[in-house]
Amino acid sequence: MNLPVLKAADFASDQDIRWCPGCGDYSILAQMKKVLPELGIPREKTVFVSGIGCSSRFPYYMNTYGMHSIHGRAPTFATGLKATRPDLSVWVITGDGDALSIGGNHFIHVLRRNLDINVVLFNNRIYGLTKGQYSPTSEEGQVTKSTPMGSIDHPLNPLSVAIAAEATFVARSLDAHVKHLAETLKRAAAHKGTSLVEVYQNCNVFNDGAMAYAQEKSQRLENTIELEHGKPLIFGTDRDKGIRQVGTQLEVVNLKDVAEDDLLFHDEKAMDPSLHFLLSRMRHPVMPEPIGVFRDVEGVATYDEQINDQVAAAKAKHGEADLNALFNSGDTWEVAS
Amino acid sequence: MSVQPEGQLIADKEISEVDGITVRLAGDSGDGMQLLGTQLTNTSALLGNDVATFPDFPAEIRAPRGTRAGVSGFQVQFANSEIFTPGDTLDALVVMNPAAMVTNIADLRRGGLLIVNEDGFDAKALKLAALTEDPVTEEIEDRYRVFKVPMTKLTRDAVKELGLGMKEADRCKNFFAMGLVYWLFGRSLEPTLRFIDNKFGKKLPDVAAANEKALRAGWAFGETTETFGITYRVAPAKLKPGTYKNMMGNQALAWGLLAAAKRSGKEVFYSGYPITPASDILHELSRYKHFGTRTFQAEDEISACCAAIGAAFGGAMAVTASSGPGIALKAEAMGLGFILELPLIVINVQRGGPSTGLPTKTEQSDLLQAMFNRNGEAPLPIIAAQSPGDCFDAAQEAWRIAVKFMTPVILLSDGYIANGSEPWKVPDVNEMEPIVVTHPPDAAEGDAPFMPYARDENLARPWAIPGTAGLMHRVGGLEKADGSGNVSYDPDNHQLMTDKRAAKIEGIANDIPAQEVFGEESGDVLVISWGGTYGACHTAIERCQREGLSVSHAHIRYMNPMPANLGDLMRSFRKVLVPELNSGQLRMLLRAKYLVDCIGFNKVKGKPFSVSELMDQIHEIADKTNANGQKVG
Ligand SMILES: Cc1ncc(C[n+]2csc(CCOP(=O)(O)OP(=O)(O)O)c2C)c(N)n1
Ligand code: SF4
């Protein structure tokens, strides 16, 4: 049978999109619509589950199944759905406040369980929907409505948390770098297990330009470093700088002084998360920030697969389930008429 | 050593036929009293007695040994007729140490049997129980029939030849006590011997042998010594014909869920986070993966409830359970489930509150939480189970309503029901009616657009599940436009949807049976009860009726919406009495809804009602009401 070839437009719902003009969310939506037809998964098999926040309005704009749930809990809804319906392609859409603040607990647990879903974390380092309070990823000292004297919270690094939870797929991309974003989403979809993609998303209303150092084309090459499996870590407008490992630290070196072979080579498949963790610790302005796939570990059993395997194994062992047999098992007695 | 089969005359000992016996076994929480109690219950049930039990344990897993805080008790009543409670006062009390004695003696009736493990009453034990002298005083000996038995020493002697360490040997003393109790009440050793063999036979043959020896030694002690001059017999009860099984509430609930799944052609997805007294439902269901049951131990109750809603969205039979504090955490998600209009069962096995309250004790104080613990206008149907066996039916009824009306349903149980047990008539699954569940089929290109919030005659919306072509739709917590389900902030639409959702829940009243009455349909006093107080209320009212009082009983199962005839029924009596193990939660709802001035009888002590305290209360009200046939006071 020939399945109809779907286009990006087929994934658009009939709902008006209500994000602020210029919001980075539009770009992520566009890339998602572009990538999904390429996955060959029917629309009716695709489900978007979100929490609360600007980003979490996302499911309404997709012509798939969707659930806009409650604040921070999207991973939990996805858990129940995917555990019982492993045939579905499930995407969790969340924000930095949603995933890391109120939903921090569930974020860790869905990653360590390795449920076979894709989590896309829109990180704008601010609370958008509630109009501009600082978020767990806001910089220290950031002045917002709730921190007029500057935030005194130390920011949380979502990828460090995810890698510490031994997530099997961890990546970072940018709303403005559409090609990279599409590629990264595709990689995430291909991964079996929980994939986490952090997307730097500009909130042009409450935190405009917070990640300009990475977003602006002119600055990107100096301030970010693109990870490629098996390749040395090289960056810079003239690709003249690299990253070297010294003991338990990473440092920036000039390729004039250091040979390429002495640089750190990226191994996204390493089961041991130590190096991936080190990469996640590279923060602007001291270091270039890695974008791309930090970690893509294969062969780790997924939660949905295992819960269903146990059911299948139990059925194989005990045979056809028989309620009458269960009810009459153990000590019973007869009362005669 | 030979064991007398039961029913045989025992030389030079008198056998007394009685209608029923209430025994409580009490000891340190490490003494195995719960095991002893369960065995005695099962054995009695197998003999054909009706049984009712009440386990009572400390909140601490290992409270300091020998102290009053560490006392663990198990009460069982077995009788030759149908009974509804584990009994008010004790005919016999078995105590393993002084702490157990002083904390339980008040419930032993005058002249009752007090069996004391003499070896457990040394100086150290007295000190641990905060006593300065032996509590088995002359006064005690006058008031009760006291039997001191050196159980520890006799147990050690009995198992000596097995060469066990002292600790292992002493651990068997509950089996010695069991043997003695079995002899005293003419129970058969067989079921417990089978239990020992199943549990330890293969893995720990030494332990099995020791327990068996201790059990038989206890029996032999009763028979051969001159200590006891009398034994008791309770004839089988005349229950409805059929196959029976002794069931605990949480197990019955789990089995009811399995039955509901079978009747609806679904598989259970159950998610929970451990909490007393709900955990056993998770444990029980986790054993039935071969029935397609998927159990998820979530990271917290919020996750548990949300995961269940996710599973419901996908088409599973979704269930989550907790106790009060955990239900508080589920509240936001329950509100979402309500506006998503998805079927879901939320079980609350209530315990003493507020907050952590009395985790191992019973209470009925989460009724208002069930009614109102959500933001916005979010009424949910509420069903309350009334006894351990009834949990089986209540669970199925919850699912029937959830799918018929597409809504989460709250199912209330409590600690007393959950851990209590009673004979349960085993049903024939093939005779159970199906619970009809439909999912709309694939739609083709060009079909009318799918309306996820269109409603049927019950105002229920279609349960369209992901994977169905052409029915793609989005649900969420934001208000939905009537029919299409699209996000809508239109004020009139919000009013309309609020009203429709409320009408849907209210309409369930037309789908449930009218409120039944035990007794006349009008008269002096109507007692209205709900949940786990059923047994005590029923027994009290039955006895009051026999005494000639004009009192009837309405036990409510459907807490929301309530049966349509309830208001008229209340108005047909001069007085309405509402006993509850809370400060008046149902009373408040009844007054608010029916404007009938109900009288409360309330107790919040972590303990169930006794039949006698309810009878006293009914008498008091009936007397006031009925002086010269006139309404008084
Ligand atoms: C239980 C609960 N608490 C608070 C809120 C209010 N709230 C809505 S969105 C949000 C923050 C969202 O921030 P983020 O995840 O960064 O999303 P963004 O809007 O920036 O995309 C908060 C606090 C809520 N809806 N529910
Ligand atoms: S507030 Fe910020 S994140 Fe929200 S829609 Fe507007 S620009 Fe986007």
Side-chain angles (χ1 to χ4, degrees), chain A residues 13-15 42-50 52 59-60 62-71 73-85 87-88 105-106 108-109 307-308 310-311 313-315 317-324 326-328 330-337, chain B residues 42 45-46 48 191 236 239-246 255 258-259 262 267 269 271 288-294 296 298-300 302-303 306-316 318 332-333 336 340 426-430 466-478 486-487:
Chain A
S13 77
D14 58 357
Q15 299 298 294
R43 280 178 304 182
E44 64 268 17
K45 287 275 192 182
T46 304
V47 188
F48 282 90
V49 182
S50 65
I52 296 287
Y60 291 124
M62 299 295 301
N63 188 7
T64 62
Y65 283 89
M67 184 191 284
H68 178 221
S69 70
I70 51 177
H71 200 18
R73 322 295 175 195
T76 65
F77 292 94
T79 301
L81 179 60
K82 182 72 183 179
T84 48
R85 293 292 307 277
D87 57 312
L88 301 174
N105 187 26
H106 313 303
I108 296 169
H109 288 286
I307 193 173
N308 288 295
Q310 285 196 346
V311 167
K315 283 180 174 171
K317 184 169 171 208
H318 299 284
E320 190 60 30
D322 181 348
L323 266 191
N324 272 333
L326 173 67
F327 292 172
N328 286 285
D331 286 335
T332 60
W333 70 97
E334 296 296 326
V335 173
S337 43
Chain B
N42 279 336
L46 290 172
L239 301 176
K240 278 191 202 127
T243 305
Y244 283 80
K245 191 174 173 64
N246 190 42
W255 286 19
L258 294 178
K262 167 97 182 160
E267 290 183 339
F269 176 82
S271 51
Y288 303 116
K289 296 204 159 68
H290 55 297
F291 285 90
T293 306
R294 286 153 182 82
F296 171 52
E299 58 269 25
D300 60 24
I302 301 176
S303 167
C306 297
I309 294 172
F313 185 58
E332 189 192 9
L336 178 74
L340 297 188
V426 178
D428 183 349
V429 178
N430 303 324
T468 319
L471 304 190
M472 278 83 71
H473 66 282
R474 276 67 54 193
V475 293
L478 290 171
N486 288 331
V487 174

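Lettering of chains follows the sequences in order, A, B, ..., and the numbering in each one begins at 1. Since the structure is predicted, the reported quantities are computational estimates derived from the model, not experimental observations.
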For B:Asp428, the salt bridge (Lys or Arg N to Asp or Glu O under 4.0 Å) test, sequence neighbours excluded, returns none

If you count heavy-atom pairs under 4.5 Å with chain A, which of [options] comes out on top?
options	result
B:Asn430, B:Ile302, B:Asn246, B:Asn42	B:Ile302
B:Gly310, B:Cys306, B:Ser303	B:Cys306
B:Ala469, B:Gly242, B:Gly476, B:Gly477	B:Gly242
B:Phe296, B:Trp255, B:Phe269	B:Trp255
B:Ala259, B:Gly467, B:Pro427	B:Gly467

Contact origin within [X] toward chain B - heavy atom pairs under 4.5 Å:
X	result
A:Ala336	backbone
A:Asp322	backbone
A:Leu326	both
A:Leu323	both
A:Gln15	side chain

When you measure from the side chain of [X] to the backbone of [Y], do you find a donor-acceptor pair of N or O atoms at a distance under 3.5 Å?
X	Y	result
B:Thr243	A:Glu334	no
A:Arg85	A:Lys45	no
A:Thr79	B:Ala307	no
A:Lys82	A:Leu88	yes
A:Tyr65	B:Thr468	yes

At what distance, to the nearest 0.5 angstrom, does NE2 of A:His109 lie from OG1 of A:Thr76?
11.5 Å

Rounded at 0.5 Å granularity, tell me how far CE in A:Met67 sits from CZ in B:Arg474.
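It is 13.0 Å, given to the nearest 0.5 Å.
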
So B:Met472 and A:Val47, side-chain contact (heavy atoms from CB on, under 4.5 Å) or not? Walk me through it.
CA-CA 9 Å; B:Met472 278 83 71; A:Val47 188; over 6 Å; no

Using 30° and 60° as the class limits, which term best fits the ring planes of B:His290 and A:His318: parallel, tilted or perpendicular?
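Because their plane-to-plane angle lies in the 30° to 60° range, the rings of B:His290 and A:His318 count as tilted.
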
Report the relative orientation of the aromatic rings in B:Phe313 and B:His473; use parallel for angles under 30°, tilted for 30 to 60°, perpendicular for over 60°.
perpendicular

Specify which of [options] makes the most heavy-atom pairs with chain B at under 4.5 Å.
options	value
A:Thr46, A:Thr64, A:Ile307	A:Thr64
A:Asn308, A:Val49, A:Ile52, A:Ile108	A:Asn308
A:His71, A:Arg43, A:Arg73, A:His106	A:His106
A:Val335, A:Asn328, A:Asn63	A:Val335

Once side-chain hydrogen bond (donor to acceptor under 3.5 Å, both in side chains) is applied, do any residues pair with B:Glu332, and if so which ones, sequence neighbours excluded?
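Checked B:Glu332 against side-chain hydrogen bond (donor to acceptor under 3.5 Å, both in side chains); zero matches.
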
[X] portion near chain A, given a 4.5 angstrom heavy-atom threshold:
X	value
B:Leu336	side chain
B:Ala316	side chain
B:Pro236	neither
B:Leu340	side chain
B:Ala333	both
B:Val475	both
B:Ala318	neither
B:Ser271	neither

Verdict with supporting geometry, A:Tyr60 and A:His68, side-chain contact (heavy atoms from CB on, under 4.5 Å):
CA-CA 8 Å; A:Tyr60 291 124; A:His68 178 221; 2.9 Å; yes

